[in-house]
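Let me begin by presenting the structure, written as structure tokens, before commenting on it.
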Amino acid sequence: MMNGGNLVDNDSAVAGGVEDMYGEDIATTGQPVTPWTVSVASGYTLMRDPRHNKGLAFTERERDAHYLRGLLPPIVLSQELQEKRIMHMLRQYKVPLQRYMAMMDLQERNERLFYKLLIDNVEELLPVVYTPTVGEACQKYGSIFRRPQGLYISLKEKGKILEVLKNWPERSVQVIVVTDGERILGLGDLGCQGMGIPVGKLSLYTALGGVRPSACLPITIDVGTNNEKLLNNEFYIGLRQRRATGQEYAELLHEFMSAVKQNYGEKVLIQFEDFANHNAFELLARYRSSHLVFNDDIQGTASVVLAGLLAALKLLGGTLADHRFLFLGAGEAGTGIAELIALEMSKQTGNPIEENRKKIWLVDSKGLIVDSRKHSLQHFKKPWAHEHEPVSKLVDAVKAIKPTVLIGTSGVGKQFTREVVEAMASINEKPLIMALSNPTSQAECTAEEAYTWSEGRAIFASGSPFDPFEYDGKVFVPGQANNAYIFPGFGLGVIMSGAIRVHDDMLLTASEALAAQVTEEHFKKGLIYPPFSDIRKISANIAAKVAAKAYELGLASHLPQPEDLVKYAESCMYSPVYRSYR
């Protein structure tokens with residue numbers, strides 16, 4: 001029992017009230033547990049249950065007690081040796097999608113080994129289970145589909161969504177990641193095949209944030225697709241119809257949101273993922289006051305980018321308010337980041353947010369967003385329409401606005417041309433360039449281009465990973481503004497505090513907590529984010545700060561507040577180490 005009195009009762013699996021019916025997480029790693037499924041799992045059934053299967057790591061005693069004799073080769077391997085063997089196998093694959101499929105196969109047969117592998121080799125495997133490889137996996141999901149993961153809710157289930165949720169075997173769900181597949185990364189409408197995104201994100205909730213796998217539920221809402229290529233593909237796994245819109249769409253989503261709250265309660269975190277701009281903003285605005293909701297594309301991206309900016313100030317000098325920001329892309333990511341920057345400026349200076357917005361400029365497909373365009377702009381772009389003559393080209397906008405920071409969220413690759421980067425370098429001694437669009441093919445420029453065209457002066461970060469690059473005798477290590485820095489720790493903080501709503505101040509706190517993890521050693525390499533090898537420690541610190549802010553705002557329901565929230569967060573984290581079975 002950690003500090004905090006009765007914060008976690010004896011039926012709890014993870015702080016935040018994820019029920020552990022069989023005592024699996026109350027037990028220390030040295031205590032034996034009973035491998036329950038519907039009844040005590042034994043023999044062939046035990047080996048086919050991914051939560052309890054240990055493969056060749058079943059001990060001699062366990063093989064006798066659970067009728068496994070003869071069902072396995074005689075050798076007993078340690079989990080560490082199993083991990084070494086699978087990493088050796090993965091490294092033989094030259095095609096990233098093959099590695100992705102091998103990892104998904106492992107997750108479906110041995111859950112603990114999958115997470116042990118991912119936690120211990122996070123920098124190597126993160127690009128496999130998430131961006132950029134998950135993008136290709138979603139594009140080919142119908143062809144590589146083997147075993148369903150998560151819940152599929154389509155228009156066929158309208159009026160029966162609560163029944164569908166009850167078909168999911170877990171009752172104590174704490175985090176749902178849901179998509180409708182309309183805007184998958186920078187790849188567009190992938191319909192039902194967008195399921196790879198919720199599955200991947202929730203794998204990271206567990207590996208990086210320590211949320212129990214059984215508390216995570218990936219969901220795809222299938223309302224059709226406007227992707228003709230998929231509609232004509234015989235292997236497509238979703239509804240073969242054009243996307244439902246308007247009232248039909250709104251009614252299905254409202255039924256879904258109501259059913260989730262009815263089935264799982266007030267404190268289940270619903271993360272919206274890869275919805276198209278118009279739906280993303282509308283869903284967040286509609287449900288943020290009645291549900292515990294979070295949009296990773298708007299809020300998660302904003303939080304991780306703000307963290308990079310706060311850290312970069314130590315290299316650039318000055319405060320946020322001393323800098324000028326120019327965005328290429330004015331969708332949910334671009335406007336979400338811009339708004340959080342403006343909020344942080346207000347927090348630091350006390351100035352009205354309207355005044356801070358004037359230091360932030362956005363370029364969309366029609367050029368610089370200016371006041372004269374206001375009548376034709378979508379509602380979420382209007383706060384960013386400032387007084388200026390129209391400018392159609394990005395390079396001309398750079399020359400006119402003279403930004404110190406250039407941020408790409410366009411979803412279109414190669415937009416930061418040599419001319420654009422050279423213009424940034426002519427204005428700034430250390431131009432900060434963030435090419436955030438995913439996957440790698442959609443990045444606005446590469447790390448090599450940013451460093452070369454700026455003559456080694458750029459501070460660079462991207463959404464997808466790039467290898468270190470040597471220029472003029474110096475090795476530059478590109479930073480990765482990956483949402484995985486934020487959402488796993490943020491989610492853990494929400495869960496362990498029992499928060500009932502997400503407040504913007506919790507996002508600002510997460511950004512500040514991440515920025516504080518960047519050390520002088522990292523700065524010397526040009527990094528504005530800490531390495532992913534420390535991600536569990538980073539997540540615990542973020543979770544502690546987010547939980548503390550929830551308590552401060554009166555949004556936390558798990559009382560009293562623990563004395564040491566960092567230690568408490570670490571104690572709540574799921575461990576993938578094998579358990580001994582009675």
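These numbers come from a predicted model, not from an experiment.
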Just list the side-chain donor-acceptor pairs under 3.5 Å for residues 302-312, sequence neighbours left out, or say none.
residue, atom, partner, partner atom, Å
Ser303, OG, Leu507, O, 3.1
Ser303, OG, Ser511, OG, 2.9

Can you establish whether the number of heavy atoms outside Glu419 located under 6.0 Å from its atom CD is more than 12? no
Measure from the side-chain N and O atoms of Tyr115 to the backbone N and O of Leu204, and report whether any donor-acceptor pair falls under 3.5 Å. no
Could you tell me the separation between the CG atom of Leu125 and the OG atom of Ser203, rounded to the nearest 0.5 Å? 11.5 Å
When rounded to the nearest 0.5 angstrom, what distance separates CH2 in Trp384 from CD1 in Ile360? 4.5 Å
Salt bridge check, Arg146 against Asp105: does any charged N sit closer than 4.0 Å to a carboxylate O? yes
Begin from the C-alpha positions of Phe327 and Thr335 and carry the test side-chain contact (heavy atoms from CB on, under 4.5 Å) through to its verdict. CA-CA 9 Å; Phe327 286 77; Thr335 56; over 6 Å; no
N/O donor-acceptor pair under 3.5 Å between Ser462 side chain and Pro465 backbone: no
Could you check whether Ser346 and Asn356, counting side-chain N and O atoms only, form a donor-acceptor pair closer than 3.5 Å? yes
Under the side-chain contact (heavy atoms from CB on, under 4.5 Å) criterion, do Ile337 and Leu436 qualify, and how do the steps go? CA-CA 11 Å; Ile337 297 165; Leu436 302 179; 4.0 Å; yes
Give the C-alpha distance, both sets of side-chain angles, the deciding distance and a yes or no for side-chain hydrogen bond (donor to acceptor under 3.5 Å, both in side chains) between Gln348 and Glu344. CA-CA 6 Å; Gln348 292 181 2; Glu344 180 69 14; 3.2 Å; yes
Nearest 0.5 Å, what's the CG-CD distance between Leu185 and Glu136? 12.0 Å
Is it true that, when you exclude Lys549 itself, more than 12 heavy atoms of the residues, nucleotides or ligands shown sit nearer than 6.0 Å to its NZ? yes
Within 6.0 Å of NZ in Lys430, more than 12 heavy atoms from elsewhere: no
Output field: ring centroids Tyr485/Phe532 closer than 6.0 Å: yes
Check: Glu108 main-chain N/O paired with Arg147 side-chain donor or acceptor under 3.5 Å: yes
Taking Thr133 for the side chain and Val129 for the main chain, is one N or O donor matched with an acceptor at less than 3.5 Å? no
Would Asn226 and Glu182 satisfy side-chain hydrogen bond (donor to acceptor under 3.5 Å, both in side chains), going step by step from the backbone distance to the final call? CA-CA 9 Å; Asn226 294 336; Glu182 190 169 3; 5.1 Å; no
Student check: side-chain heavy atoms of Leu508 and Lys347 closer than 4.5 Å: yes
Treating Thr409 as the side-chain partner and Gly329 as the backbone partner, does any N or O pair qualify as donor plus acceptor under 3.5 Å? yes
Please work out whether the ring planes of Phe281 and His379 are parallel, tilted or perpendicular, with thresholds of 30° and 60°. perpendicular
So do the side chains of Val475 and Phe469 get within less than 4.5 Å of each other, counting heavy atoms only? no
Smallest heavy-atom separation, Gln517 atom then Lys537 atom, equals OE1-CE, 4.3 Å
Residues, nucleotides or ligands: over 12 heavy atoms within 6.0 Å of Glu520 CD: no
Taken to the nearest 0.5 Å, the spacing of Leu377 CG from Asp364 CG works out to 7.0 Å
Between the side chain of Asp371 and the main-chain N/O of His386, is any donor-acceptor distance below 3.5 Å? no
Would you mind reporting whether Arg183 and Phe275 have side-chain heavy atoms less than 4.5 Å apart? no
Around atom NZ of Lys382, are there more than 12 heavy atoms of other residues, nucleotides or ligands at under 6.0 Å? yes
Looking at Gln92, I'd like to know if its CD atom is crowded, meaning that more than 12 non-hydrogen atoms belonging to other residues, nucleotides or ligands lie closer than 6.0 Å. yes
Treating Gln415 as the side-chain partner and Gly413 as the backbone partner, does any N or O pair qualify as donor plus acceptor under 3.5 Å? yes
Rounded to the nearest 0.5 angstrom, the CG-NZ distance for Asn351 and Lys358 is 11.0 Å
Among Leu202, Ile176, Asp297, Asp180, whose side-chain contact (heavy atoms from CB on, under 4.5 Å) with Glu273 holds? Asp297
Side-chain contact test, heavy atoms from C-beta onward, threshold under 4.5 Å: evaluate it for Gln193 versus Gln139 and give yes or no. no
Heavy atoms from other residues, nucleotides or ligands near CG of Asn232 exceed 12 (cutoff 6.0 Å): yes
Pro198 versus Thr220, closest heavy-atom pair with distance: CG-OG1, 4.4 Å
Show your reasoning for whether side-chain hydrogen bond (donor to acceptor under 3.5 Å, both in side chains) applies to Lys201 and Tyr130. CA-CA 7 Å; Lys201 287 267 166 155; Tyr130 202 60; 3.3 Å; yes
Heavy-atom pair of closest approach, residues Asp274 and Ile184: OD2-CA, 3.5 Å
Could you tell me whether Tyr451 and Phe476 have their ring centroids closer than 6.0 angstrom? yes
Does NZ or CZ of Arg324 lie under 6.0 Å from the centre of the six-membered ring of Trp361, at an angle within 45° of the ring axis? no
Applying side-chain contact (heavy atoms from CB on, under 4.5 Å) to Thr404 and Asp322, what does each step give before you reach the verdict? CA-CA 9 Å; Thr404 50; Asp322 295 328; over 6 Å; no
For this output row, return yes or no: ring centroids of Phe487 and Phe490 closer than 6.0 angstrom. no
Using the side-chain contact (heavy atoms from CB on, under 4.5 Å) definition, which of the options Asn279, Val502, Asn295 pairs with Leu284? Asn295
Gly331 and Phe380 have their tightest heavy-atom pair at CA-CE1, 4.2 Å
Candidate pair Ser539 and Met573, rule side-chain contact (heavy atoms from CB on, under 4.5 Å), full reasoning: CA-CA 10 Å; Ser539 291; Met573 286 182 160; 4.0 Å; yes
Taking all non-hydrogen atoms of both residues, which atom of Ser454 and which atom of Ala450 are closest, and how far apart? OG-O, 2.7 Å
Minimum side-chain heavy-atom gap Val405-Ile407 below 4.5 Å: yes
Sidechain-backbone polar pair: Arg243 side chain, Asn227 backbone, donor-acceptor under 3.5 Å: no
With a 3.5 Å distance limit and no angle check, can you tell me whether Asn428 reaches the backbone of Met424 through a side-chain donor-acceptor pair? yes
Are any non-hydrogen side-chain atoms of Leu326 and Leu368 less than 4.5 angstrom apart? yes
Do Leu90 and Met103 make a side-chain contact, defined as non-hydrogen atoms from C-beta onward lying under 4.5 Å apart? yes
Might you point out which heavy atoms bring Arg536 and Ala207 nearest each other, and give the distance in Å? NE-O, 2.9 Å
Ile401 side chain near Phe325 side chain, heavy-atom distance below 4.5 Å: no
Are the side chain of Arg99 and the backbone N or O of Val128 linked by a donor-acceptor pair below 3.5 Å? no
Straight-line distance of Thr509 OG1 to Lys545 NZ, nearest 0.5 Å: 8.5 Å
